[in-house]
Every structure is written in structure tokens, then in C-alpha cells.
Amino acid sequence: MDSTQFRGRNVLVMGLGVHGGGLGVVRWMASQGANVRVTDLRDRERLREPVAALEAEGVAVEYTLGEHREGDFEWADVVVKNPAVPNTSPWLEVARRLGKPIEMEMSIFLRLCPGPVVGITGTKGKSTTATWTWEMLRHWRPDALLAGNLRVSALEALPDITAQTPVVLELSSFQLEGLVEPRISPHIGAVTNLSPDHLDRYAGMGEYGEAKKPIFKYQQPGDWAVLNAGHPVVSEWAEEAPAGVAWFGAGVEPRAPGVFVEGGELVWHAPAGERVSLGPVSAVKVPGEHNLANAACAAACALLAGAPAEAVRSGLESFGGVRDRLEYLATIVGVRVYNDTTSTTPASTRVALRAVQGPIALIAGGADKRLDFAELAPDVAELAHAVVLLDGSATDLMERQFREAGARIEGRYGDLRSAVEAALRAAPEGGAVLLSPGTASFGMFLNEFDRGDKFRAIVESLKGRDGS
């Protein structure tokens with residue numbers, strides 16, 4: 001694929017996104033000389049921020065908002081869909097019937113990117129692991145790039161990428177769906193883990209798992225699939241990997257090649273059998289046992305991408321965590337406050353509860369993704385001193401299952417500030433308030449990042465109660 005092929009062509013961007021998910025695609029296509037039109041079921045009022053941004057920048061684009069029209073698909077030479085648009089959308093069927101090629105940002109990027117690409121996916125830990133991999137790589141190559149499912153446009157970064165620039169992409173299952181038709185995968189594709197999520201989009205865990213496999217499914221000789229040796233499902237995927245397989249894990253038997261936690265240190269088992277220490281686990285600053293596995297995964301990816309062991313050691317020590325993911329915000333009246341807004345599944349909330357020390361006042365609840373909270377409920381009853389619930393379509397089921405397990409429910413709130421204040425009252429001095437919702441955010445918030453931004457602002461406004 002050559003980027004000049006879009007010059008003068010009609011490109012229909014399907015889904016601008018409420019937090020600008022399609023902004024990078026629109027800007028890039030316009031910069032390539034394409035005729036760009038955006039179609040989105042959301043109206044102009046709901047899309048006022050991304051539309052205003054494009055207008056302020058003078059980007060030439062037409063809009064069909066609040067509806068889709070068959071005439072727009074007839075007009076298009078190519079359709080570029082937002083990851084949030086499901087493959088079952090009847091409008092994609094219209095595009096297929098009209099013979100229009102359907103692309104996504106990542107399918108275009110992977111075919112145009114001149115540098116080596118590391119892709120990281122998984123139900124939880126992918127943002128942390130992707131950012132950590134980038135941290136290790138940039139100690140070796142300062143021009144290393146981080147993009148993907150992190151509100152950073154990969155396409156817009158293309159001018160800065162050379163054949164030697166390592167690129168790290170965090171990739172969701174929604175984004176990976178776009179790699180099936182062009183049959184393309186990153187050079188290094190890692191899977192952190194797999195647990196129930198997005199069952200409102202996928203028919204079951206089998207279908208959800210299949211949506212993750214394009215991270216390695218179309219790799220070529222010389223490429224690597226990096227798999228969790230301790231995960232009963234992900235470890236079995238090695239049989240389907242068409243190229244090399246490397247491993248990572250914590251608390252499991254080491255395999256070569258791979259990075260494992262052994263005897264209080266991270267160890268690289270090189271393909272030739274050499275055993276190389278990458279540093280003590282005491283160098284890891286981010287909390288939680290699960291982050292040792294994330295560190296091992298990041299190290300394996302960085303080493304396979306060519307980084308020397310010294311760069312990996314430096315990145316292991318310098319990494320301080322990722323915004324919105326077990327992010328420490330403040331201590332208020334003797335209570336530590338953590339923002340884990342990107343916890344949108346019961347499994348990730350379970351991990352967060354085990355990572356934070358002291359009596360916890362948990363803030364949870366939100367929008368339904370057809371997930372069950374029965375397995376999370378005993379952990380909440382055991383580890384949460386109190387639970388403050390946010391209104392949402394999933395909260396009825398969550399409240400019922402938490403109560404049945406014996407959790408102490410402090411209340412249910414229709415606004416976040418009231419919930420935060422209730423959690424601070426419920427948490428004893430020396431304890432913690434943890435926003436780890438275990439659900440999607442829609443309804444009360446635009447998305448999980450909006451939820452995190454609002455939580456952060458509320459906590460900032462409450463700081464200083466005890467002079468802190």
C-alpha cells in the first residue's frame with residue numbers, strides 16, 4: 001500500500017467517536033489529499049468537541065451526522081470504520097454489497113509503517129504493558145513510538161517513523177478485527193491474558209478469544225508471538241502461531257525463549273539457552289503481583305525487538321505506571337486515593353483490590369456489558385471495607401451479587417462527587433479509596449477516560465482538607 005493512493009479518492013470515515021477516535025484518520029486522510037466525509041449516528045451536539053477541533057484546524061471535511069445514508073456509501077471509494085462500529089453493522093453490509101473496501105486505521109498503518117511493530121493485546125494489562133515496553137525501548141532508541149488504543153493516532157505519526165524506529169501499539173479486540181481482511185499482524189504480537197469482557201459485542205468467550213488472535217495469526221517467518229505461559233487458554237494458542245513463539249510469566253515454570261520471574265528477579269531465557277538477569281523485582285515501582293507478569297511480557301517484547309538487556313533493566317526501573325490505571329492521586333484526611341477507571345471488567349477490579357494495601361472503600365458500578373459479578377463478589381466481600389456504587393445498567397446485578405456475598409454496601413449514587421465523598425467517609429485513616437468500576441462507563445460519562453478525568457478533578461478539589 002502507498003499513501004498516495006488516497007489522493008483524490010472519496011474516503012468515508014464511519015464513526016468520528018465521542019472522544020475523537022476518528023480525528024487522526026480524518027486529519028491524515030485530508031493531508032493525503034483525499035476527499036473526506038464523516039458519517040456518525042451521533043448528532044453534531046454530541047460530537048461538538050471533535051468537530052470544533054477539525055474546524056479550528058481548517059481540515060476540509062463534510063459531515064453526515066445523526067444518521068447514515070446509503071448515498072454516502074455509494075459516493076465512497078473506501079470506507080474507514082471506527083473500532084467501535086461492530087462488524088455486524090447493517091451499514092457495513094451496505095458497503096460490502098456496493099463493493100466498497102472497508103479499512104480501519106490499524107490495517108492502513110501496518111501496511112504503511114516502515115519500522116518494526118510490537119502489538120500488545122489482552123483483556124487487562126495491555127496499556128501498562130505497551131507503555132512499559134515503550135519505556136524499555138526508548139532507553140535504546142529515543143525515537144521509539146507508542147500509539148494505538150491510547151488516544152494517540154498511529155497514522156499521524158507515520159512521518160516520524162524510519163525503518164529503524166520501533167513502534168509499540170496497544171490494540172483492542174475491536175481494532176484487531178480490522179486485520180482479518182488484509183491478513184496482517186504486527187512483527188511481534190503479545191497477549192497478556194484473557195477474561196470475560198465485551199460480551200455485549202461477542203457471542204461468547206470463544207468468539208472474543210478469536211477476535212484477539214489476529215495479533216499473531218498472520219505473522220511471517222522471523223516474527224514472534226509472545227504468550228502468557230501461566231494462562232490456561234492463551235498458552236494453548238502457541239499451536240496456532242505461524243511464526244516464532246516466546247513466553248513470559250510469574251510463578252510458572254520458565255520456557256525458552258522467554259522472560260520469567262524467578263527467585264526475586266526477572267530472567268531472560270534466550271533462544272540459545274543463555275540465562276540473563278534483567279534486575280530484581282524490587283526495582284518495579286507499580287503495585288500488584290499482576291504487574292510482575294506485565295513487566296516480564298514487556299521485557300520479552302523489548303528484547304525480541306532488538307533492545308539490549310541494559311535498556312530493559314533501565315526501563316524496568318524507570319517506569320512509574322500509566323494514567324488511569326491504578327493511578328495514585330492524593331492522600332486526603334489520611335486516605336490514599338487511586339484512579340483505576342480503565343477497569344471495565346470484574347477481573348480487572350479483582351486484580352486492583354489485591355494490589356492496593358489497607359482497608360479499601362471501593363467505588364464500582366456502571367454500564368452493562370453482559371458481564372457477571374459472581375466471581376468478583378467474594379473478593380469484594382473479603383477485601384473491600386465498604387462499597388460505594390455508581391448508578392448504571394449493570395449496577396442492579398452487581399449490588400445483588402455483592403450483597404449476597406456479604407459485602408458492605410454504603411450506598412448508591414447518581415453523581416460521582418457524592419460517591420467520592422461517601423467513599424472518603426467510609427474509608428478509615430490509613431486506608432484507601434479505589435475507583436475500579438468493573439463496568440463500562442456510558443450513561444453517566446462519555447467513556448472511561450471522561451470518568452477518570454472527572455474523578456481526578458473531584459479529588460483535586462477535595463485535596464487540602466488535612467493540609468495535604
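For reference, positions follow the sequence shown, starting with 1.
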**OP:** Indicate whether any N or O donor in one side chain lies under 3.5 Å from an N or O acceptor in the other, for N447 and D450.
**Re:** no
Original post:
If you round to the nearest 0.5 Å, how far is OG of S89 from NE2 of H68?
Top reply: 6.0 Å
Original post:
Got S314 and W140 here, is their nearest side-chain heavy-atom distance under 4.5 Å?
Top reply: no
Original post:
Do T165 and D160 pass the side-chain contact (heavy atoms from CB on, under 4.5 Å) test, and can you show the C-alpha distance, the side-chain angles, and the key distance before you say yes or no?
Top reply: CA-CA 9 Å; T165 304; D160 301 322; over 6 Å; no
Subject >> Electrostatic pair E327:R456 at N-O distance under 4.0 angstrom >> reply: yes
**OP:** Verify side-chain contact (heavy atoms from CB on, under 4.5 Å) between L390 and T439, making sure each step is shown before the conclusion.
**Re:** CA-CA 10 Å; L390 297 172; T439 64; over 6 Å; no
Original post:
Is a donor on one side and an acceptor on the other found under 3.5 Å between the side chain of E375 and the backbone of F373?
Top reply: no
Original post:
Mind checking whether W132 and F319 have parallel, tilted or perpendicular rings, split at 30° and 60°?
Top reply: parallel
**OP:** Report yes if some heavy atom in the side chain of W134 is under 4.5 Å from a heavy atom in the side chain of P166; otherwise report no.
**Re:** no
Original post:
Does atom CD of E181 have more than 12 heavy-atom neighbours, drawn from other residues, nucleotides or ligands, at distances under 6.0 Å?
Top reply: no
**OP:** For salt bridge (charged side-chain N to carboxylate O under 4.0 Å, His left out), just list the numbers for R451 and E448, CA-CA rounded to whole Å, side-chain angles, deciding distance to a tenth of an Å, and then say yes or no.
**Re:** CA-CA 5 Å; R451 179 169 60 191; E448 67 266 35; 5.9 Å; no
Original post:
Is atom CD of E207 surrounded by more than 12 heavy atoms (other residues, nucleotides or ligands) closer than 6.0 Å?
Top reply: yes
Original post:
Quick check: does any side chain N or O of T192 sit under 3.5 Å from a backbone N or O of K124, one acting as donor and the other as acceptor?
Top reply: yes
**OP:** Calculate, to the nearest 0.5 Å, the distance between atoms CD1 and CD1 belonging to I360 and I363 respectively.
**Re:** 12.0 Å
Original post:
Quick one: does L176's side chain get under 4.5 Å of I215's, heavy atoms only?
Top reply: yes
Original post:
Does E310 come within less than 4.0 Å of R313, counting only side-chain N to carboxylate O?
Top reply: yes
Subject >> Between CG on residue L16 and CG on residue L41, distance to nearest 0.5 Å >> reply: 12.5 Å
**OP:** Could you walk me through whether V281 and L266 pass side-chain contact (heavy atoms from CB on, under 4.5 Å), step by step?
**Re:** CA-CA 7 Å; V281 297; L266 263 74; 3.8 Å; yes
Original post:
In terms of the angle between their ring planes, are F174 and Y202 parallel, tilted or perpendicular, with boundaries placed at 30° and 60°?
Top reply: tilted
Subject >> Check: R325/S127 side-chain N/O donor and acceptor closer than 3.5 Å >> reply: yes
Original post:
Does CD in E240 sit with more than 12 non-hydrogen atoms of other residues, nucleotides or ligands closer than 6.0 Å?
Top reply: yes
Original post:
With no hydrogens and no angle check, do the side chains of H198 and S173 hold a donor and an acceptor under 3.5 Å apart?
Top reply: no
**OP:** Could you check if a side-chain atom of H290 sits within less than 4.5 angstrom of a side-chain atom of L326, using non-hydrogen atoms only?
**Re:** yes
**OP:** Identify the two heavy atoms, one from C297 and one from T129, that lie closest to each other, and give their separation to 0.1 Å.
**Re:** SG-CG2, 3.7 Å
Subject >> N193 side chain to G122 backbone, donor-acceptor under 3.5 Å >> reply: no
Original post:
For the residue pair Y218 and L179, what are the closest heavy atoms and their distance?
Top reply: CE1-O, 3.7 Å
**OP:** Check the pair V26 / L23 against side-chain contact (heavy atoms from CB on, under 4.5 Å), numbers first and verdict last.
**Re:** CA-CA 5 Å; V26 171; L23 274 175; 5.7 Å; no
**OP:** Of all the heavy-atom pairs spanning A154 and M106, show the shortest one and how long it is.
**Re:** CB-CE, 3.9 Å
**OP:** Mark yes or no for whether E265, through its side chain, and S277, through its backbone, hold a donor-acceptor pair below 3.5 Å.
**Re:** no
Original post:
Is there a donor-acceptor contact under 3.5 Å linking the side chains of T345 and D197?
Top reply: no
**OP:** To the nearest 0.5 Å, tell me how far L137 CG sits from L146 CG.
**Re:** 10.0 Å
Subject >> R96 side-chain N/O to I102 backbone N/O, donor-acceptor pair under 3.5 Å >> reply: no
Original post:
Rounded to the nearest 0.5 Å, how far apart are CD of E210 and CE of M205?
Top reply: 11.5 Å
**OP:** Grab the two heavy atoms, one from D391 and one from G414, that are nearest each other, plus how far apart they are.
**Re:** OD2-CA, 3.3 Å
Original post:
Is the shortest distance from a Lys or Arg side-chain nitrogen in E421 or R417 to a carboxylate oxygen in the other one below 4.0 Å?
Top reply: yes
**OP:** For residues A426 and A361, report the shortest heavy-atom separation together with the two atoms involved.
**Re:** CB-CB, 4.5 Å
Original post:
Closest approach of F260 and A229, non-hydrogen atoms and distance?
Top reply: CE2-CB, 3.8 Å
**OP:** Examine the side chains of Q164 and D143 and answer whether a donor and an acceptor come within less than 3.5 Å of each other.
**Re:** no
Original post:
Does L383 offer a backbone N or O that forms a donor-acceptor pair with the side chain of R354 under 3.5 Å?
Top reply: no
**OP:** Look only at the side chain of H187 and the backbone of D223, and say whether a donor-acceptor pair between them is shorter than 3.5 Å.
**Re:** no
**OP:** Could you tell me whether the side chain of V380 reaches within less than 4.5 Å of the side chain of M398, counting heavy atoms only?
**Re:** no
Original post:
Given side chains that start at C-beta, do those of L169 and F109 come closer than 4.5 Å, heavy atoms only?
Top reply: yes
Original post:
Does the E105 side chain pair with the main chain of S153, one donor and one acceptor, at a distance under 3.5 Å?
Top reply: no
**OP:** Taking the side chain as every heavy atom from C-beta outward, state whether I332 and V335 have any pair of such atoms under 4.5 Å apart.
**Re:** no
Between side-chain atoms of residues 427-438 and protein atoms elsewhere (two or more places apart, or another chain), which donor-acceptor pairs fall under 3.5 Å?
| from | atom 1 | to | atom 2 | distance (Å) |
| --- | --- | --- | --- | --- |
| S436 | OG | D340 | OD2 | 2.9 |
| S436 | OG | S343 | OG | 3.1 |
| S436 | OG | T349 | OG1 | 3.3 |

**OP:** Run the salt-bridge test on R408 and E410 with the 4.0 Å N-O cut-off and return the result as yes or no.
**Re:** yes
**OP:** Look at the side chain of D415 and the backbone N and O of S418, then say whether any donor-acceptor pair between them is shorter than 3.5 Å.
**Re:** yes
**OP:** Check for a donor-acceptor pair, side chain of Q219 on one end and backbone N or O of W224 on the other, with a separation under 3.5 Å.
**Re:** yes
**OP:** Check the pair S107, E103 against side-chain hydrogen bond (donor to acceptor under 3.5 Å, both in side chains), reporting the backbone distance first and the verdict last.
**Re:** CA-CA 6 Å; S107 63; E103 297 279 2; 2.7 Å; yes
Subject >> Any side-chain heavy-atom pair of L171 and P186 under 4.5 Å >> reply: yes
Original post:
Going by atom types alone, do K369 and T344 pair a side-chain donor with an acceptor below 3.5 Å?
Top reply: yes
Original post:
In Å and rounded to the nearest 0.5 Å, what is the CG to CD1 distance from L416 to I458?
Top reply: 4.0 Å
Subject >> Whether over 12 other heavy atoms sit under 6.0 Å from R183 CZ >> reply: no
